[in-house]
Amino acid sequence: MVQSSPPVQSVTSEDLLIRRMRIVDIPEIMQIESVSFGKHHWSEDSFRYEIKNQIGRYYSLIHRKEDRLIGYGGYWLIFDEAHITTIAVHNEFRGNGLGDLLLVKMIDRMGTQSVKWVTLEVRTSNTSAQNLYYKYHFRSMGTRPRYYQDTNEDALIMTTENIQSQDFRSVFRENKMHLIERLGGKMPEGAD
Ligand SMILES: CC(C)(COP(=O)(O)OP(=O)(O)OC[C@H]1O[C@@H](n2cnc3c(N)ncnc32)[C@H](O)[C@@H]1OP(=O)(O)O)[C@@H](O)C(=O)NCCC(=O)NCCS
């Protein structure tokens, strides 16, 4: 399996805060968007809409000492299914477990919202993100041909098993334990 590279900047839980996304976060989000998703990234208006979207829940990851936003993620809640719509980490901070952290935060929250299945789409070429999802036992369910209009690339459709099941809970617990160790022994402060 391809290994992730060491981070340019290291962080621990002490440095971090994870909280609901706010409108004032959007300028910093846009910088990460363009680096992460290229020309066809979400617009400021999309984020403005999503922050207020009744079925959406979006989180920002803040570096407290540097007072800057270094990641974000969000999902839609549709009955007992959650659809992850976005997740990204600032390129300088990748490889610290922060993609893990955003995913754990979202799945933890989904668990309190009676979600059973989590789905998402990911570019077939995006192996870093796919590895993250495989780690949390997402499975590939097929493709949406030419889903990404910029390059005509296919999307891989990925989904979890029932996240309330014993099997999923035990994988999730173990990954979360490793994440906590990696971040210095505790989860970062957060607000729902
Ligand atoms: C995908 C992304 C959010 C991962 O964030 P990250 O903070 O670098 O990831 P983490 O350090 O938490 O790594 C978690 C897991 O992801 C996988 N992974 C992350 N980077 C990887 C890389 N460069 N190569 C291979 N696997 C990688 C590994 O499975 C890793 O687990 P491990 O550390 O136990 O090996 C980040 O690369 C990113 O923002 N990419 C651009 C935006 C994007 O593609 N979003 C996904 C859209 S579907």
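Atoms within each ligand, like the ligands themselves, are counted from 1 in listed order. Count residues from 1 along the sequence.
- Under the 4.0 angstrom criterion for non-hydrogen atoms, Arg123 is not in contact with ligand 1.
- Checked by atom type, the side-chain pair Thr85/Tyr58 shows a donor-acceptor distance below 3.5 Å.
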Problem set entry | Evaluation steps, salt bridge (Lys or Arg N to Asp or Glu O under 4.0 Å), between Asp45 and Arg48 | CA-CA 5 Å; Asp45 280 349; Arg48 251 183 234 113; 2.6 Å; yes

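- Of all atoms in ligand 1, numbered sequentially from 1 with element shown, those under 4.0 Å from a heavy atom of Arg182 are 11 (O), 33 (O).
- Residue contacts with ligand 1: Glu121 is placed with no nitrogen or oxygen under 3.5 Å of a nitrogen or oxygen of the ligand (distance criterion only).
- Ligand 1 has an N or O atom lying under 3.5 Å from an N or O atom of Asp100, backbone or side chain.
- Contact atoms of ligand 1 toward Asn131: 17 (C), 25 (C), 26 (N), 28 (C), 29 (O) (distance under 4.0 Å to a heavy atom of the residue).
- Using modelled atom types, one finds a donor on one side chain and an acceptor on the other under 3.5 Å when comparing Arg123 with Thr151.
- Across Tyr134, Tyr133, Tyr136, heavy-atom proximity to atom 48 (S) of ligand 1 is greatest for Tyr133.
- If you take CD on Glu121 and CG on Leu156, they are separated by 9.5 Å, rounding to the nearest 0.5 Å.
- Relative orientation of the His90 and Phe93 rings is perpendicular, given thresholds of 30° and 60° on the angle between their planes.
- Near Gly97, with a cut-off below 4.0 Å to any heavy atom, the atoms of ligand 1 are 10 (P), 11 (O), 12 (O).
- Those atoms of ligand 1 with a heavy atom of Ala129 less than 4.0 angstrom away are 1 (C), 46 (C).
- Looking at Thr119 and Glu81, their side chains come closer than 4.5 Å, going by heavy atoms from C-beta outward.
- Selection from Ala155, Gly71, Ser128 by nearest heavy atom to atom 27 (C) of ligand 1 gives Ser128.
- Close approach of ligand 1 to Ser36 (heavy-atom distance below 4.0 Å) involves ligand atoms 41 (C), 42 (C).
- Residue contacts with ligand 1, taken as heavy atom pairs separated by less than 4.0 Å, involve Lys135 solely via side-chain atoms from C-beta onward.
- Short contacts between ligand 1 and Phe37, defined as distances under 4.0 Å to a heavy atom of the residue, involve ligand atoms 42 (C), 43 (C), 45 (N), 47 (C).
- At under 3.5 Å, not a single nitrogen or oxygen of Phe93, backbone or side chain, sits near a nitrogen or oxygen of ligand 1.
- Here is the list of ligand 1 atoms found below 4.0 Å of a heavy atom in Ala88: 39 (O).
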For this session: Start with the C-alpha gap between Trp42 and Phe47, add the side-chain angles, then the distance that decides, and say whether ring pair (Phe, Tyr, Trp, His ring centres under 6.0 Å) holds.
Result: CA-CA 7 Å; Trp42 279 13; Phe47 280 99; 5.1 Å; yes

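- Taking a cutoff of 4.0 Å between a charged side-chain nitrogen and a carboxylate oxygen, Lys105 and Asp108 do not qualify as a salt bridge.
- Per-residue contacts place Val122 under 4.0 angstrom from the following atoms of ligand 1 (heavy atoms of the residue considered): 48 (S).
- Using a 4.0 angstrom heavy-atom cutoff, Asn96 counts as in contact with ligand 1.
- Between Asp154 and Pro145, the shortest heavy-atom contact is OD1-CA, 3.4 Å.
- Here the closest heavy-atom approach between residue Gln164 and residue Gly111 is recorded as NE2-O, 3.7 Å.
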